[in-house]
Amino acid sequence: MGSGLGLTIAMPAYNEAENIESMLEDAVRAAESLAPDFEIVVVDDGSKDGTADAVRRSAASDPRIRLVEHERNQGYGAAVFSGLTAATKEWVFFTDSDRQFVLEEIAHLLEHTGAADLVVGYRAPRQDPPLRLLYGWGWNLVVSLLFGYTVRDIDCAFKLMRRDVVQRLAPLVHSRGATFSAEWMVRARRLGYRIVEVPVTHRPRQAGNPTGARLHVVWRAFRELARFRLRLWREGAPTRP
């Protein structure tokens, strides 16, 4: 990565008190090796377990860490959206705060910044319990059937994009639950942005509890997906950037 480029690492966090301080240590270490100008933005999505307090402790000793707080839980997509739109650097990377990814592999994404507007990871292989793997396979299939091929791992939380892409897409994306990543990437593809896909390491979760397989989360995701499909039909062909 060129010395003149800046990097934001944004991450949503919901009840990740067991992971977040170690995650921030990982993020600082990785960022220091990649970009002299960086910031780390953590969005606490109404956690009830002390996640925000843990981030404040880390931020007190490192001003490159910033906390964005949701007073109540708004959903995964809302937290990612807040992190992306709070970014101030030229390149914006987002990941989850559960330590399932190897942050040093951001370097593999940065290798493609000259030829891409978005560089997105795919888990190779995905290290989740069987039920989550089944849900993930089904979700990717449904998104492809409704919108055509977008990327091979639509919900992989290891994505890098130019900040001007964030600014262009943010007003267009309405989903704030688990459909957020699908809508973001479908709209990016429709607008003609250059997308490169890169395999990334995925590790089993060691602490905390995932929420993506809960029934109310799944129901909200399908409801948002249906609304998004209807919006696209009404909008017609997109205006290219």
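Numbers for residues simply follow the sequence, beginning at 1.
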Margin query: Is there a salt bridge (Lys or Arg N to Asp or Glu O under 4.0 Å) between R56 and E69? Walk through the geometry before answering.
Written below: CA-CA 11 Å; R56 287 191 194 94; E69 288 188 84; 2.7 Å; yes

Check: Would S97 and N19 satisfy side chain to side chain contact (heavy atoms under 4.5 Å, CB included), going step by step from the backbone distance to the final call?
Finding: CA-CA 7 Å; S97 52; N19 287 309; 5.9 Å; no

Check: Is the side chain of D62 donor-acceptor paired with the backbone N or O of S58 at a distance under 3.5 Å, no angle test?
Finding: no

Notebook entry, point to check: With a distance cut-off below 6.0 Å to the six-membered ring centre and an angular limit of 45° from the axis, does R176 pair with F81 as a cation-pi contact?
Noted result: yes

Next item on the list: Please determine, by modelled atom types, if Y14 and D44 share a side-chain donor-acceptor pair under 3.5 angstrom.
Entry: no

Next item on the list: Look at K89 together with E39 and state whether they make a salt bridge at an N to O cut-off of under 4.0 Å.
Entry: no

Next item on the list: Walk me through it: do I65 and V55 pass the test side chain to side chain contact (heavy atoms under 4.5 Å, CB included)?
Entry: CA-CA 8 Å; I65 298 172; V55 177; 4.2 Å; yes

Note to self: Please tell me whether N73 and D45 have a donor and an acceptor in their side chains that are separated by less than 3.5 angstrom.
What the structure shows: yes

Margin query: For a quick test of reading the model, state the closest non-hydrogen atom pair linking A221 to T179 and the distance between them.
Written below: O-OG1, 2.6 Å

Notebook entry, point to check: Hey, quick one: are V120 and M161 part of the same hydrophobic cluster, counting side-chain heavy atoms closer than 4.5 Å, chains of contacts allowed?
Noted result: yes

Next item on the list: Measure the spacing between CZ of R190 and CD of E183 and express it to the nearest 0.5 Å.
Entry: 10.5 Å

Note to self: Is there a ring pair (Phe, Tyr, Trp, His ring centres under 6.0 Å) between F180 and W184? Walk through the geometry before answering.
What the structure shows: CA-CA 6 Å; F180 177 85; W184 192 272; 5.3 Å; yes

Item checked: Heavy-atom donor-acceptor pair, R64 side chain to V28 backbone, under 3.5 Å -> no

Notebook entry, point to check: Is there a donor-acceptor pair closer than 3.5 Å between any side-chain N or O of S33 and the backbone N or O of A30?
Noted result: yes

Next item on the list: Using the rule that two of Ile, Leu, Val, Met, Phe, Trp, Tyr join whenever any of their side-chain heavy atoms come within less than 4.5 Å, decide whether V166 and V173 are in one cluster.
Entry: yes

Item checked: L110 side, atom CG; L5 side, atom CG - distance, nearest 0.5 Å -> 8.5 Å

Next item on the list: Would you mind reporting whether L191 and L169 have side-chain heavy atoms less than 4.5 Å apart?
Entry: yes

Check: Hey, does L232 have a side-chain heavy atom less than 4.5 Å from the side chain of R187?
Finding: yes

Item checked: Taking every non-hydrogen atom, the tightest pair across D153 and K159 -> O-NZ, 4.4 Å

Notebook entry, point to check: Taking it one step at a time, do H202 and F101 satisfy ring pair (Phe, Tyr, Trp, His ring centres under 6.0 Å)?
Noted result: CA-CA 5 Å; H202 191 240; F101 292 98; 5.1 Å; yes

Margin query: Applying side chain to side chain contact (heavy atoms under 4.5 Å, CB included) to C156 and V200, what does each step give before you reach the verdict?
Written below: CA-CA 9 Å; C156 180; V200 296; 4.2 Å; yes

Note to self: If we ignore hydrogens and angles and just use 3.5 Å, is the side chain of D96 paired with the main-chain N or O of D98 as donor and acceptor?
What the structure shows: no

Margin query: When you measure from the side chain of Y122 to the backbone of P125, do you find a donor-acceptor pair of N or O atoms at a distance under 3.5 Å?
Written below: no

Notebook entry, point to check: CG/D117 to CZ/R168 distance, rounded to the nearest 0.5 angstrom?
Noted result: 12.0 Å

Margin query: What I want to check is whether the side chains of T201 and E105 have a donor and an acceptor closer together than 3.5 Å.
Written below: yes

Next item on the list: Just do the side chain to side chain contact (heavy atoms under 4.5 Å, CB included) check on R189 and I195 with the steps written out, would you?
Entry: CA-CA 8 Å; R189 190 66 89 174; I195 300 172; 3.9 Å; yes

Margin query: With a 4.5 Å cut-off on side-chain heavy atoms, are V165 and R162 touching?
Written below: yes

Margin query: Hydrophobic clustering (ILVMFWY, side-chain heavy atoms < 4.5 Å, transitive) - are V80 and V143 grouped together?
Written below: yes

Check: Mind checking whether I106 and V102 sit in one hydrophobic cluster, side chains of I, L, V, M, F, W, Y counted as touching below 4.5 Å?
Finding: no

Check: Any idea which heavy atoms bring V196 and A115 closest together, and the distance?
Finding: CG2-O, 4.5 Å

Notebook entry, point to check: With ring centroids as reference points, do F222 and W139 lie under 6.0 angstrom apart?
Noted result: yes

Notebook entry, point to check: Less than 4.5 Å apart, any side-chain heavy atom of I40 and any of M11?
Noted result: yes

Checklist line | Minimum heavy-atom distance between A86 and R66, given as atom pair plus value | finding: O-NH2, 2.8 Å

Checklist line | Check: D26 side chain, L103 main-chain N or O, donor-acceptor pair, under 3.5 Å | finding: no

Check: Do NZ/NE/NH1/NH2 and the carboxylate oxygens of E224 and R220 come within less than 4.0 Å?
Finding: yes

Next item on the list: Would you check if there is a donor-acceptor pair between the side chains of E16 and T51 at a distance under 3.5 Å?
Entry: no

Notebook entry, point to check: Are E21 and R57 close enough for a salt bridge, meaning some N to O gap below 4.0 Å?
Noted result: yes

Checklist line | Verdict with reasoning, F147 to F228, per ring pair (Phe, Tyr, Trp, His ring centres under 6.0 Å) | finding: CA-CA 10 Å; F147 305 100; F228 175 41; 4.9 Å; yes

Item checked: Minimum-distance pair of heavy atoms, taken over all atoms of W91 and A116 -> CH2-O, 3.5 Å

Notebook entry, point to check: Rounded to the nearest 0.5 Å, how far does CG of L131 lie from OH of Y135?
Noted result: 4.0 Å

Notebook entry, point to check: Are the side chain of S181 and the backbone N or O of D155 linked by a donor-acceptor pair below 3.5 Å?
Noted result: no

Next item on the list: First locate atom OG1 of T113, then atom CZ of R194, and finally report the distance between them rounded to the nearest 0.5 Å.
Entry: 9.5 Å

Margin query: With rounding to the nearest 0.5 angstrom, report the OG1 to CZ distance, T95 to F158.
Written below: 6.0 Å

Checklist line | Shortest non-hydrogen contact between R203 and R99, atoms and distance | finding: NH2-O, 3.0 Å

Margin query: Do E90 and D164 make a side-chain contact, defined as non-hydrogen atoms from C-beta onward lying under 4.5 Å apart?
Written below: no

Check: Is V41 reachable from L84 through a run of I, L, V, M, F, W or Y residues, each pair having side-chain heavy atoms under 4.5 Å apart?
Finding: no

Next item on the list: Output yes when a side-chain donor or acceptor of R163 lies under 3.5 Å from a complementary backbone atom of A87, and no otherwise.
Entry: yes

Notebook entry, point to check: How about R132 and R126: do any of their side-chain heavy atoms sit closer than 4.5 Å?
Noted result: yes

Notebook entry, point to check: Judged by atom type as modelled, is there a donor-acceptor pair below 3.5 Å linking the side chain of D49 to the main-chain atoms of A17?
Noted result: yes

